[in-house]
Each structure stands twice: as C-alpha cells, then as structure tokens.
Amino acid sequence: MSKSTGCCQDFLHYVFDYETPKTLVIPSIRVGFVFRFTQFLVVLYVVGYVCVVQKAYQETDSVSSSVTTKVKGFAYTNISDMEPRFWDVADYIIPPQGDNSFFVLTNIIMTPGQTQSRCAELPNPSTICADDCDCIEGYNDPRGNGIRTGLCENYSSTVKTCEVLSWCPLEIDTNLPKRALLAAAENFTVLIKNSITYPKFNFHMRNILPHINSSYLKTCEFSRETDPDCPIFRLRHILAEAGEDFQDMAVKGGVFGIIIDWSSDLDWCAGKCYPKYTFRRLDNKNPINNVAPGYNFRYAKYYKSPNGEETRTLIKAYGIRFDVIVFGTAGKFGIVPTIVNLGAALSFLSLVPIVADWFMLTCMKKRHLYSKQKVTYLVEEPETESTSIGTMYGTQ
Amino acid sequence: MSKSTGCCQDFLHYVFDYETPKTLVIPSIRVGFVFRFTQFLVVLYVVGYVCVVQKAYQETDSVSSSVTTKVKGFAYTNISDMEPRFWDVADYIIPPQGDNSFFVLTNIIMTPGQTQSRCAELPNPSTICADDCDCIEGYNDPRGNGIRTGLCENYSSTVKTCEVLSWCPLEIDTNLPKRALLAAAENFTVLIKNSITYPKFNFHMRNILPHINSSYLKTCEFSRETDPDCPIFRLRHILAEAGEDFQDMAVKGGVFGIIIDWSSDLDWCAGKCYPKYTFRRLDNKNPINNVAPGYNFRYAKYYKSPNGEETRTLIKAYGIRFDVIVFGTAGKFGIVPTIVNLGAALSFLSLVPIVADWFMLTCMKKRHLYSKQKVTYLVEEPETESTSIGTMYGTQ
Amino acid sequence: MSKSTGCCQDFLHYVFDYETPKTLVIPSIRVGFVFRFTQFLVVLYVVGYVCVVQKAYQETDSVSSSVTTKVKGFAYTNISDMEPRFWDVADYIIPPQGDNSFFVLTNIIMTPGQTQSRCAELPNPSTICADDCDCIEGYNDPRGNGIRTGLCENYSSTVKTCEVLSWCPLEIDTNLPKRALLAAAENFTVLIKNSITYPKFNFHMRNILPHINSSYLKTCEFSRETDPDCPIFRLRHILAEAGEDFQDMAVKGGVFGIIIDWSSDLDWCAGKCYPKYTFRRLDNKNPINNVAPGYNFRYAKYYKSPNGEETRTLIKAYGIRFDVIVFGTAGKFGIVPTIVNLGAALSFLSLVPIVADWFMLTCMKKRHLYSKQKVTYLVEEPETESTSIGTMYGTQ
C-alpha cells in the first residue's frame, strides 16, 4: 500500500468514523418516569400552547384595505334662530366623498352675510377701550378676530371696543344650541363597503359576504345579535353600543371609531375570514385636561353679491367624525416560523436529560451506584499529576 | 492544609472539573455516511432555504409613505341635456387636493336651481295619493325625498303624489347617461409623487429615481415594457392593465387601486430599492350581491340669488376613485433574527446523532457488536436489586 | 411468570429504562475555565443583548391612530395685484376638516370672473398663428388650455394666437409672487390631538398626557427643550427644526411631515408611553430631476351672476401640506417569543461542550491521556473485521 492510500484512508477515517457517546442504561422506573414525564411536559407545551393556542407555525401579514361609505337620511329643522330648513346628504356630509372618514354635521353656528369690512371687536378685557388711544393701529391680537384699525367704536350702547378689519359681522360662537340642531341625524344610516387584501397571501375579501343576497342588503340593518353581517349601520345604534348617547355627543361633536377587525386564520376555510365590527369613541368625553373639546371646524360658502362684492356665510360646524379603522393580521402556515419554533422546542427537549440526570444523581437512594458507573474520574498516568493539580488549585 | 483550603479545593473541583461524555468510535463508512449526509441536509436547508430564499436573518420594517398626485387633462362635452361645457381640473377633481386618494368625475346627474320649497314627490307606490288624507303631515319616509306637508298635488297631468318640503325641484336620478359624459377622461394623465421611509433603518426613497432626469419626466408616460420607472400614468392604460374598460367603468364609477410595492432588501445596494406598480379594481364589478354598485356621491354648489334666496345645484357625481396604496417591507441583517434562526438550525443538528444512532443500532449487520460496546447495563451490587426491579415493574 | 407478563416487562423496560451518557471527569482547571468562560459568554449574550437591548422576549403590535388638527391664526394681505384682504381659517385651510393631513395656503394665483367662453390662447410656439388655417377646429392640445375653435385671434396688439373654447379669461400662472402672499402664516399655530391604540394589548393613549392641565394647554407652545409635551405647534418653529425656512418653502409650497413616534415598552409603567415628535420635509427641495416642484393644486369657487350665467374664480393654491404621520411599535412580554429566544440560546449552550472538547483534545499537553480515556475504538470480534474495513475504505 502506497503512502497516499494511507493518507486517503486517514482522511476517510477522519470524515466517516462515527463517534457516538457511550451510554449506561438505568433500569429504574422512577428515573425513567421523571425522564418521560419531563419530555411529555415539553411536548405538551409545544403542541398545545405554541401550535394550537399561539399558532406560532404561521407567518403573518397585515391587512391593506379600501373603504367607501355612503350616508342616507334627511332632517328638517325649525328653530327660532334660523329659517325652517330641510337638510339632505349634500348639506350635512362634508366633504361629500365617502372615504374611510366621514363627518356628519349635527350642530351649527352660522354667520351669514360676512364681507371684508370693519367692525367693533367682540367685547372682552383686552378689546374694550375708552378712546382711540387704547387701540394700536395694525396690532394683530392672536386671540382677537382681526387687524386693529386704531379706532374705538361702539359695540353696543354700553360698551366700546376696538375696531378691526375682518370678515364682518364677527362670529359670536358662545350661544351654541343646547340641543343639537340636527338631532334627527341619529336616525341616519351609513353603508360601509370595505374590500381588503392580504398582499403576501394574495387573499381578497369584501365585508359584503358571499352568502348575502341583494334583497337582504336593501332592507337589513346591523345588529350584533340578529344581523351581525349587515354592512348598514344606524348611527344611534352604533353610538349606543359604545356606551355613548347620540344627543349628548351631537351638541359639541366628537370623533367616533368604527373598527373592523379582519384577523383571520387562512389555513382553514377562507370563508371563515369574517369582519368583526366594534365601536369606540376616539376622543375623550370629559377629561379634565382638554382644549377644544368635541369636534368642530369652520368653513365658508362664498357668494358674489349683485354689485360684485364677495360675501360669505361662515359656518362653524359641530359634528361627529366617523373614522373607519380597518386592521387585522392573517396567519398562514409558513415553513420558517415552523422550523424556528420546532427548533426552539427541540432545544428544550435536549434539557430533559439534564433534569433526569440531576434527579438520578441527587434524589435516588442508589445515587452512588449510578454515579460510580456513569462517571469515571480521569486516571492519571504514574505520579505527580494529581498532586500538581492539587497544587494548581491551591495556588490560584 | 487547613480545612478551608480543602473546602476551597472542593469548590474549585465542583466548578472547574470538566465532565465530558465518553465516546465510542465506529469505523463504519455506512454509519459515517448516514451521519454526514443527514448533517449535510440540515446545513443545506439552513443555508439554502432559510438564508437565501427566506432571508430569515433579516429584521423587517414596514413602509411609511407620503403621496401627492396631480391630474392633467381637459374635456369638452356637448350632449343634448346640457349646455356645451368645457371641463378642466378644477371642475372634475373633487376634492381638489392631490392626496393619496383622488376622484375623477366621469358621469353626472345635475339638478340646477334647487331651493328650499315644496313640490310633489317622485311617483312610486308609497307616494302616489288620491287626496290629502293619504298624506300624513310631517311624515318622514326614509326612502322619500322630504317631509310631507299633508297635501296631495299633481305630479304630472295623470299622477298625483304627496307634496314634500325639500330642496325642489327633486333630483331624478334614473336617466343616467349610458355613455359616460366625460368619456374623454380616459386620456387624462396623473403624476404620482411618492416618497417613502423605513423608519427603523432611517432609509428614504422617492419614486422619481435618481437616474431619471427632468426632461425625460416632462415627456414620459408609464408603460410596463418601455417606461417602467415613469411616474406619469394615463388613466386608460392603467385600467386596461387591470383588465378593465375605462368606458365601461366610467358610466357607474368604481374604485381603482394603484398599488406601489416597495418591498426591498436593504442589505444590498440601496439603489436596488425600486417601486413596483400594479393596478387592480378594488370594488366588485358585477357581483350578484351588491348595493349601490359603482361609486358616486352627491354634492352641491350653493348660490345666492339676487333677492338673497339660497339656491343650489345638486350634483350626483359618478366617477372613479383612485386609491394609491403603498405597501412594502424592507429587510436588513439583524443580529436577533440571525441568532434565533441559527439556534433553531443548531437544534436540528443536535438531532443528527439520534438519527445516526438509530440507523447504527437497527439497520447495520454488526448492530449487536455496536450496541454491546456503546451501551452498558447497570451492574447491580450484590443481589436483591434486579429481582426487586422485576417485582416493581410486575406489580405496576 | 406468564408470557404476557414478560412481554409487559419488556415494554416497561423499553419505555422507562433511562439511558444516560457515561462521562469522564477531567480535573483540569484550564479546560474547566475554557468551558465555563464559553458558557458565560453565551449567557452574557442572551441576557445582555437579546433580553436587555433587543427585548426579544416581547411580542409587538403596531399602532392604530386617530388624529384631529386645528389651525389658528389670521393674516392681512395688501399687495398691489389684489385688493386688501383679511384671511382667516375658513379661507386658507383647504379642506376645512382637521384630518391627519391639512393644507395651509401660502401663495396664490387668482383668476376671477372666468366664464365658459372663447378667448385667444396664451402665446407659445405651438399656439401662435398667422391666420385661421393654422388653427384646426376641435384640436385638443394636451399642453394647451382648451378646444380650438378654428379661429386665429389677437392675443395682444402684437401677437395672434388660436382661439380656444375654455374658461376665459385664461389663467396666467407665470408671475407667481416672489414673496409668499400669506407670509404671515408662519405665525399660525396648530393643535394636534392624537389618540392611539395598540389593539393587541388593548392599550389606549392620547398625546395630551394625563399630567397636563387645561390652563397650561391654553397658553403653551411646543418647544423641544422647554415644552416637549405641548401639542400646539407654531408652523415657523417646526419648519425651522427640520432645517427649512418658512418663507422659502411658502413661495412654491411643499409637503411637510409631523411625525409622531409612539414606540414604547408596555412591560413597564404605561405612563412611560410618550409621543416623540420629529419633523421632516417630505418632498425634495432642490432635486435636479423633478417635475412640478413644490405643492400646488387648482380649485374654483363657483358663482352665479345675476343673469344666471355661471362664473368661477379659479385659484391656483400654493401652500404647505402637513402630513401627520403616526407610527410606533409597542412590545410586551409574550410567552412565544420568550420561548423561541430561550430555545435559540440553549442551542448555543449545547455548542459549548464541543468547544471545550476541541480545546481539551488539541491544545492541552495531556491531550493524548484525555483522548485515550474519553474515546474508545470499537473492538472487533475475532479477525477479518478490521481488515475488511481497511479494504472497504481502500476500494472506495
């Protein structure tokens, strides 16, 4: 046999010799029981908790969604301050598009006929004046309503205030109707159409479920008990479900969330991926620390008077903004999370012999016998070694 | 040597004595091959699948994005029902801002000159009346168009219907043009500017890629084959790519998604992070179960007539809402996912000896020889033990 | 003893016999030290890096948020081109709702009194004409402003251009004010109310923190140093913090991000979940490759003139769009990620003996002694075996 053949054999031995631990079999039912029981616990945890409860073998994806909303209903108002008026969708939904956020007007402070002109400020400690010297021309009070002209004018027969250049007459927003103007809005209904996608799984769904037919949709109304799949919601009902009173909330407005949860498990029949609706007020009702409670904004309708002058009707709109919030996570079997979780579980299985060994060598009567046969102490070759170790340890 | 030194040595022995398993070397090429082959499979899986295919060593972040859109184009309409009219961006884009959702008006039902007044309801079984007794004053039919005044009026020479208080004249939305009014909208183009951020990696990108110059942008138009990087889209083309016919969709409207996928692998040259555009209709075209198919909403333009009366033009706007949906996940090398995945892989490597042992002790000819030398049975000290165990097992 | 009892005993032996590796104790402090030190490193990594730094024991959830914004301030403009005008919120915030994206008008090109009529095109190489033959009737130039009527008209005393059917007079958008019209907008303030939810943990928070009181909120203004919790932002300040000059940006407009980071660790006192505000310009300021730099859009106010004709004021609005971008990930102790990470760590601990064995068998003086006592070579039964293996390897 040549040298290279020997070298090759060495290499083969190096690569293919299989080194396996020598083992000792302990025929003790107690130790065996501890071993098997610990193993059982680990397997139980992995199968029961990780796989069944947490579904850790799944990879997940977040929902991507598109929402359209359409409000229906009308109201008639006849209060002392204002002319009788009929309100329809084009009047009270601002902006008109049915997006994932829509606003229903419920209360209003209207200031018609404003023009770019001069008028006396609303009276308050910083605007009341005795004569023109109190009013600095061009002064721009951030809490005021316009640019001062430098004159002091009669606001009423008893009070004089600084004159300002502004949209006049000024808005007086202190006498907000105590009962919401469009109290009837509680009976409006909204149709929400929501189509979702889980892009990773190429999965599409709509909130109008396949088993629902057209004629049902024309008459149904959402109710958690009787019609949980109907996508038409009566405003009063959904506020009530969140523990809010519509009439209360309508006065000063607020923000209300219609939350659609699409969490689903796509390993099973996809038909099981249903939307779950919940409702929650998103702004704080009565917090002690709040600025501008409720929800309102100002907008204007612009007109041109016959002589070409621009006038506007300023509207301070109070109302409820409904935010349709769509969320959800879908899970589907994935090879990587499965491997990772199985791997982690196996690591724990490799702990089991440590537990069993510890039990065997400390709790059993025959522990010395077991120990003697399991553990061998290094047998030193003739002299010096064991003492040198003693010395080594001693001198550390 | 004092007692404490002995105690200290015991402790050192306890801590630093290294306990290593005794092993047996099996010089069998078959067992060795099974061992190495199984090892190889595990390593192959880890390197090939987990690292290369799934990139499980990366941590991920979701995109956060900002979109501006700008539509260009105009149209001229000359149909029998309406005066000839020229339409530009300010007329057909509602709302005017270029947000991540924009609406292109394509069809319209216009009801000009509405005022708050009284008129006869549109005839249908619940509104037709014979005399005033059929019309209850103040009744508010949710499917009607106003509040009943209690009178029964002539709707036409042949039909009498209940009079309502409403915006009159009422909208008649049954004769929607069969061919979309703004059919020319198919030639409009939209410029989409999208800047994205992966906050975790502090990575920013725009969909106007660095290698693109200004003059190209002024003339280009998106085309999957020839100009895949151009951010200017012709509406007809992107609908066609999603398999939709613009003229068809324009009649009743719909919702259309322009989906920008920014998924990217940031471990490599960041220049490789490109947007991928796809297009998809988001609402259902012809489902059997649908309410309010297509996409439309009502809005009004308010005017003041010379005598101060408010009039409005009610517009039922049909059109296509384009939702720009930006999504994406970026991955970048992360120490924790790497460790977790390596750990899981190592767990599997620790399974390999179990496979090899099983093979060695069951499939090999010399399995009894191997077993005899690998496995030792506990040798009991003098008598009773083995019989007692037998008894124990027997009496379980 | 019957046969079945023997069979049963075999089974019990099979299940409950505990097989434990035989071990060899090496009383060498060096090997022991290498073993313990490697162990220590792994534990240090797991505890220090994975648990403390990366918090890998937590499961995470993404924020779901609702934003309302309210801008305050007014401005007075008095420039040569336009009548003196007072601007308030209803004039410069478009659309009026305080959503998570609001637009502050800063510059304007106004074209009042447009009607559906005919006028000469703006002069440019493709519109200048000598006589009617140069203008094709019905031609629709995508870069033009209307549909050609086929006539060639005087644009000015020196230039003739094709006549178009359009909203006339045409907008001339070349002389944009060099100094932004509403330069005073830099002093406007915006109140941002943001309530967030981590749905998985059922955790709710507002950016108006519990310890803040109402009177503070009425006067405070955000400042990173002195008032980091105040939700009222002065526009100039937040642009300055992002390194932008308001006056510069106001001329051509832009998109600006107010980024609220709610990342938090819910394992600790929930009160520690604070919003962190950062500011960043989202569009590119001066890129070489850009179309339509800045941010603008066109909208119109529609009027009816006394004779019933519709006129409009076309407004090309330049301004800053503020996008409130809310993001964040909350982490909370979760059993699955903990197990996975512990498992991965344990896998690494199982590598430690391999390292120690390697050190012991290659670097120690007494490696041959250790090797001899740790590793046993298979002892073949009488003859043929060892040679046959040699032959096997040799003939591979």
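Each chain gets a letter, A, B and so on, in the order its sequence line appears, and its residues count up from 1.
- The candidate from C:K218, C:H211, C:H204 with the greatest count of non-hydrogen atom pairs under 4.5 Å with chain A is C:H204.
- For C:S215, no part sits under 4.5 Å from any heavy atom of chain A, backbone or side chain.
- For A:S166, the parts lying under 4.5 angstrom from a heavy atom of chain C are both the backbone and the side chain.
- Note on A:D323, A:N140, A:L314: by heavy-atom pairs under 4.5 Å with chain C, the leading option is A:N140.
- Looking only at heavy-atom pairs under 4.5 Å with chain A, the residue among C:L342, C:T311, C:I212, C:N213 that has the most is C:I212.
- By the 4.5 Å heavy-atom criterion applied to side chains, C:F222 and C:P231 are not counted as neighbours.
- For C:L24, the parts sitting under 4.5 Å from any heavy atom of chain A are the backbone and the side chain alike.
- Ranked by heavy-atom pairs under 4.5 Å with chain A, the first of C:G73, C:S62, C:A184, C:P199 is C:P199.
- Interface summary for chain A: among C:I196, C:T376, C:T313, C:I93, the most heavy-atom pairs under 4.5 angstrom belong to C:T376.
- For C:D91 and A:W167, the side-chain atoms include at least one donor-acceptor pair closer than 3.5 Å.
- Proximity to chain A involves both the backbone and the side chain of C:F74, based on heavy atoms less than 4.5 angstrom apart.
- Neither the backbone nor the side chain of C:T189 comes within contact range of chain A; no heavy atom of the residue lies under 4.5 Å from a heavy atom of that chain.
- Counting heavy-atom pairs closer than 4.5 Å to chain C, the top residue among A:K316, A:K301, A:R36 is A:R36.
- Cation-pi geometry between A:R321 and A:Y295 is satisfied (NZ or CZ under 6.0 Å from the ring centre, within 45° of the ring normal).
- Looking at C:D99, both its backbone and its side chain come within 4.5 Å of chain A, counting heavy atoms on both sides.
- For the pair A:T111 (side chain) and A:E171 (backbone), a donor-acceptor distance under 3.5 Å is absent.
- Across all their heavy atoms, C:V71 and C:V89 have their closest contact at O-CG2, 3.4 Å.
- For the pair C:P21 and A:K374, the tightest heavy-atom approach, listed with the atom from each and the gap, is O-NZ, 2.6 Å.
- With a 4.5 Å cut-off on side-chain heavy atoms, C:K193 and A:D283 do not count as touching.
- Remark: C:K304 does not engage C:E310 in a salt bridge, criterion side-chain N to carboxylate O under 4.0 Å.
- If you tally non-hydrogen atom pairs under 4.5 Å between each of A:A317, A:G257, A:P95 and chain C, the highest count goes to A:P95.
- Residue contact with chain A, scored on non-hydrogen atoms closer than 4.5 Å, involves the side chain of C:T197 exclusively.
- Of the listed residues (A:G146, A:S263, A:S101, A:P353), the greatest number of heavy-atom pairs within a distance under 4.5 Å of chain C belongs to A:G146.
- Less than 6.0 angstrom separates the ring centroid of A:F103 from the ring centroid of A:F297.
- Looking at A:F327, only its side chain comes within 4.5 Å of chain C, counting heavy atoms on both sides.
- Looking at C:P337, neither its backbone nor its side chain comes within 4.5 Å of chain A, counting heavy atoms on both sides.
- A:Y370 places a side-chain heavy atom less than 4.5 Å from the side chain of A:M364.
- Note on A:V31, A:I94, A:V255: by heavy-atom pairs under 4.5 Å with chain C, the leading option is A:I94.
- The ring of A:F322 has its center closer than 6.0 angstrom to the ring center of A:F102.
- For C:T68, the parts lying under 4.5 angstrom from a heavy atom of chain A are both the backbone and the side chain.
- Of the listed residues (C:I335, C:T20, C:V375, C:D88), the one with the most heavy-atom contacts under 4.5 Å to chain A is C:T20.
- Looking only at distances, a side-chain donor or acceptor of C:N207 sits under 3.5 Å from a matching main-chain atom of C:I192.
- Between chain C and the options A:V34, A:D261, A:N145, A:T329, the largest number of non-hydrogen pairs under 4.5 Å is found for A:N145.
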